[in-house]
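Just so you know, these numbers use all the heavy atoms, side chains as well, and skip hydrogens, waters and symmetry mates. As the structure is a computational prediction, the values presented were derived from the model and not from experiment. Letters A, B, ... are given to chains in the order of the sequence lines, protein chains preceding strands, and every chain is numbered from 1.
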Amino acid sequence: MAYWLMKSEPDVFGIDHLAAMPDGTDHWDGIRNYQVRNMIRDRMQPGDQALFYHSNTKPPGIAGLMEIVSEPYIDHTAFDPEAKYYDPKSDPDKPRWYMVDVRYTRHFDRYIPLDELKQRPELAEMKLVQKGNRLSIMPVTEDEWQAILAMEKEGA
DNA sequence: GCCAACGTTGGC
DNA sequence: GCCAACGTTGGC
């Protein structure tokens with residue numbers, strides 16, 4: 001089982017939106033970055049756990065937990081000219097983009113802002129806190145996962 | 001295959 | 001709203 005951090009803009013789709021979905025489940029579509037695509041397609045598995053990260057908001061931070069509940073599958077929204085993330089170059093015969101289904105687990109007892117994550121020596125290696133990082137999904141190590149869950153319990 | 005121009009991400 | 005970082009595109 002692997003751990004992940006997945007970013008979304010709460011104004012567009014935040015943890016509350018996911019929690020409100022039937023069965024707390026939705027597909028995580030719109031990935032249009034090859035590095036991220038490869039991680040999804042090649043490494044994500046049902047049962048993997050993920051941190052729900054709120055980006056482009058004040059302050060950015062980790063809002064809660066979710067679980068990967070499907071195998072990776074073709075992101076069909078890429079074929080739909082009406083869809084927000086339509087990609088005319090993705091051919092149904094040779095699809096470019098993949099997604100997974102995720103299910104809401106819970107909100108964190110408290111929101112953990114990016115500022116605080118940056119202060120933790122244990123998390124210094126995370127892509128998240130490094131400059132210029134643009135991955136919307138990134139792997140999280142076991143140690144980092146445990147450190148973040150501990151921060152939730154510690155309080156600010 | 002190079003690389004300048006352009007677009008996007010996302011913190012601030 | 002700004003802008004640094006960096007991925008993608010397309011002319012050559």
Quiz prompt | Summary of ring-ring contact (aromatic ring centres under 6.0 Å, His included) pairs that have at least one residue in residues 111-151 of chain A, sequence neighbours excluded | solution = Tyr3(A)-Trp145(A)
Exercise. Considering only Ile, Leu, Val, Met, Phe, Trp and Tyr, and joining two whenever side-chain heavy atoms are under 4.5 Å apart, list the other residues clustered with Met99(A).
Key: Tyr73(A)
Self-check item: Sequence-distant partners of Phe108(A), ring-ring contact (aromatic ring centres under 6.0 Å, His included), two or more places apart
Solution: none
Quiz item: What's the NZ-P distance between Lys58(A) and dG1(C), to the nearest Å?
Solution: 12 Å
Practice problem: Determine the contact category for Lys7(A): base if any of its heavy atoms lies under 4.0 Å from a base atom, sugar-phosphate if only primed atoms, P, OP1 or OP2 are that close, otherwise nothing. | Solution: sugar-phosphate
Self-check item: For Asp48(A), side chain to side chain contact (heavy atoms under 4.5 Å, CB included) partners two or more places apart
Solution: Met1(A), Ala2(A), Trp4(A), Met44(A), Gln45(A), Ile68(A)
Quiz item: Contact class for Leu128(A) (heavy atom, under 4.0 Å): base, sugar-phosphate, or nothing?
Solution: nothing
Quiz item: With clusters built from Ile, Leu, Val, Met, Phe, Trp and Tyr whose side-chain heavy atoms come within less than 4.5 Å, directly or transitively, what are the remaining members of the cluster of Tyr34(A), listed by chain and number?
Solution: Trp97(A)
Self-check item: Nucleotide-resolved protein contact map, nucleotides 5-12 of chain C, B/S/- at heavy-atom distance under 4.0 Å
Solution: BBSSSS--
